[in-house]
There are 2 protein chains.
Amino acid sequence: MATIYEIAQEVGVSPSTVARALRGTGYCSKEKYDKIIAVAKRLNYAPSHAARSLKSKRTNKILFLIPDIYNPFYFGMIKGASDVLDQNGYYTILCHTRGDKGMEKKMLRSLKEGYGDGMIFVSFDFNKENIDAVNACALPVVLTNNYQSLSGNDHFDCVYIDTFEGIYMACKYFISQGFRKIGYIGGDTTVQTGRERFAGFLKAMNEGNVPVNQNFLKEGDFSRDSGEKSMEEMISARSVPEALVVANDLMAIGALKACKKHGLHIPQDVAIIGMDNTDLATCTVPELSSINMKEEDIGRYAAELLMERILKGRKEKRTIRLQPELFLRGSSRREA
Amino acid sequence: MATIYEIAQEVGVSPSTVARALRGTGYCSKEKYDKIIAVAKRLNYAPSHAARSLKSKRTNKILFLIPDIYNPFYFGMIKGASDVLDQNGYYTILCHTRGDKGMEKKMLRSLKEGYGDGMIFVSFDFNKENIDAVNACALPVVLTNNYQSLSGNDHFDCVYIDTFEGIYMACKYFISQGFRKIGYIGGDTTVQTGRERFAGFLKAMNEGNVPVNQNFLKEGDFSRDSGEKSMEEMISARSVPEALVVANDLMAIGALKACKKHGLHIPQDVAIIGMDNTDLATCTVPELSSINMKEEDIGRYAAELLMERILKGRKEKRTIRLQPELFLRGSSRREA
DNA sequence: AAGATATATGGCACCGATACCATTTAATTG
DNA sequence: CAATTAAATGGTATCGGTGCCATATATCTT
């Protein structure tokens, strides 16, 4: 690949002049400018990204870590963020971590090494290890979870939606509709996001004085298959709730499928509310009621927080909290 | 961020020694090694990616351009590719182009500037402009389409699955089952992949001596909504085919929804076959018959082609062609 | 016309690693 | 024990830009 030196030699000017011409800043006569551009094109010149960012300390790239590319919930976040980043002249570089802690650390190290100017970090679970890694890299990182600082020394931003509140409001709705046999298919409670959701369920049940039936409680892994399996288990154990809150849409669809397969009608036999309100929710028959987790807003805010740090030099920590909304569709209607 | 020079000064050795110690190659006494590592940790050192790749001319990154992050078809490709790349110590950097030609060119320029060591390029459509851009950057690029070289001078690799064949085999199946009123919801025929699919439909109909009814032909944009809208149009025009081939799963699901909404039974009233065989195909009731486009294999082969070029220095052009498979499920069964 | 300002261009240090060579000291060998 | 060879370390050019300063004209002021 050609360099500015080769172009300079060819045209008969100094490398400085070539650099100015190609960058379009600083003085350069029309005559030389044209020559330089022509030669650059002929030699198929492209400025070296490495050389530029070595000197200028900027890459114009933002890393975006997502734990599960099969989950449509994250698409909205990506869209929201990349819209904002695009507008500010930043590239969005996605990285699929699969929730793997090793991969996350690897990418945080890469950030520290200057792969990008900042990061939007989505993870199923934040623990001391990856939080330490976040703090260790001096570049701005935004977490999209509700991270309760343990040390108080964390200096990163957060934007998150209250998942606890989401499940809570779904349960409350069922209770307000007179349901008493309410089930819950949750996610992995060894990770934060799974725990929060389950806590929302318990609080609503408690407040509504609705007994928690252990047979109506299942734990999946946020995949459709695990939702289907959980429902199958309840059906074959002959303990099927009348209303079911599911911790994400994928599992809700799995549960819905299992019900249909065994002749249970939705919502007459089992009313279902999912979570995330993804595109999938309107793909089913009946359409799935779901909790809107405003993922596009999360992405947009996360990008804005980054831009504030990078472009405006903000130093102090900021946290943004969003409220979920319940979208009622066919799957949760109470029979008259 | 600390540099090897600062560490060298602190420990009292030369930068060369620090570099050797940190990289773990070359000679270094245990005593100094330990000191260097300790100081590096204390100063929170991270090697500068820019400096390293400027000198070494390698980034260990592969760019992966996807046109639509809402389409699960691409996830398998990403998975297949990143598995192979991971194994070889390369990062997969995803970039969502939204099929935007400007964005594609921007990323090809970035590649040329040395942002990555190679690229897997997925696009709805390849035209002279972006093909020229591919040829212009001396780094290896793999296209995941069937690109018919016009100039014969192209030096990039391709791995693709025959979409023509896919639609063709779906139509042939319907014809073999005795269907004569066969409809088709296609994609944008101004782009290559849309044209190929439509050609497959026409060839099968022609070979089977089945008349093509214009009322059964619709053109969508590969989104679920457009599939729904197309079907709605046929229904309200009272010209509904008995069998329907749809150019991707998303549109097929849209069509399925429209049918259900208007009381048409699947597959009794309308038999449907989708394309891509994504996870979505098993989310519907009945499950959607679909054409398996082997996206994970495409991704894997694409990554392998890149690795051959980068690690083994292959120069000559290679093209890999895969054959689709028909997966029959509930949505296409012929009534007895 | 003298001084100020704008335009045009070149020179060079620098960013932070890597690659390679030179030098010194320690260990091995016939 | 001299001759090799291995181990340990330092020195320095280099990658390809950017940023800043110096210099030389050209144009504009009053």
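Predicted model, so just to flag it, every value in this text is computed and none were measured. Labels below follow one simple rule: chain letters A, B, ... track the order of the sequence lines, proteins then strands, and each chain is numbered from 1.
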Exercise. Between B:Phe222 and B:Phe124, how do the two ring planes meet: parallel, tilted or perpendicular, split at 30° and 60°?
Worked result: parallel

For this session: Using only side-chain N and O atoms of A:Lys57, determine if any of them is under 4.0 Å from OP1 or OP2 of C:dC15.
Result: no

Exercise. Within the modelled atom types, does a donor on one side and an acceptor on the other bring the side chain of B:Tyr5 and the base of C:dA17 under 3.5 Å apart?
Worked result: yes

Exercise. Which pairs with one or both residues in residues 2-60 of chain A pass ring pair (Phe, Tyr, Trp, His ring centres under 6.0 Å), sequence neighbours excluded?
Worked result: A:His49-B:Tyr115

Exercise. Of the nucleotides C:dA19, D:dG17, D:dA8, which has the atom closest to the B:Arg23 side chain?
Worked result: C:dA19

Exercise. Any side-chain N or O of A:Lys55 less than 4.0 Å from the OP1 or OP2 oxygen of C:dA13?
Worked result: no

Exercise. With nearest nucleotides of DNA chain C determined for A:Leu54 and A:Glu31 from heavy-atom distances, which residue corresponds to the more 5′ nucleotide?
Worked result: A:Glu31

For this session: With the side chain of A:Arg20 defined as its heavy atoms from C-beta on, choose the nearest nucleotide among C:dG10, C:dA8, D:dG16.
Result: C:dG10

Problem set entry | Partners passing side chain to side chain donor-acceptor pair (under 3.5 Å) against A:Lys57 (at least two apart in sequence or in another chain) | none

Exercise. If you look at every strand shown and take non-hydrogen atoms under 4.0 Å, does A:Ser16 touch a base, only sugar-phosphate, or nothing?
Worked result: base

Problem set entry | Geometric cation-pi criterion, B:Lys61 with B:Tyr91: 6.0 Å, 45° | no

Problem set entry | Side-chain N or O of B:Ser56 closer than 4.0 Å to phosphate OP1/OP2 of D:dC15 | no

For this session: Have a look at A:Ala46 and say if it touches a base, only the backbone sugar-phosphate, or nothing, with a 4.0 Å heavy-atom cut-off.
Result: sugar-phosphate

Exercise. Of the nucleotides C:dA6, C:dA17, D:dG10, which has the atom closest to the A:Tyr27 side chain?
Worked result: C:dA6

For this session: Using only heavy-atom distances, decide whether a donor-acceptor pair under 3.5 angstrom links the side-chain of B:Ser14 to the base of D:dG11.
Result: no

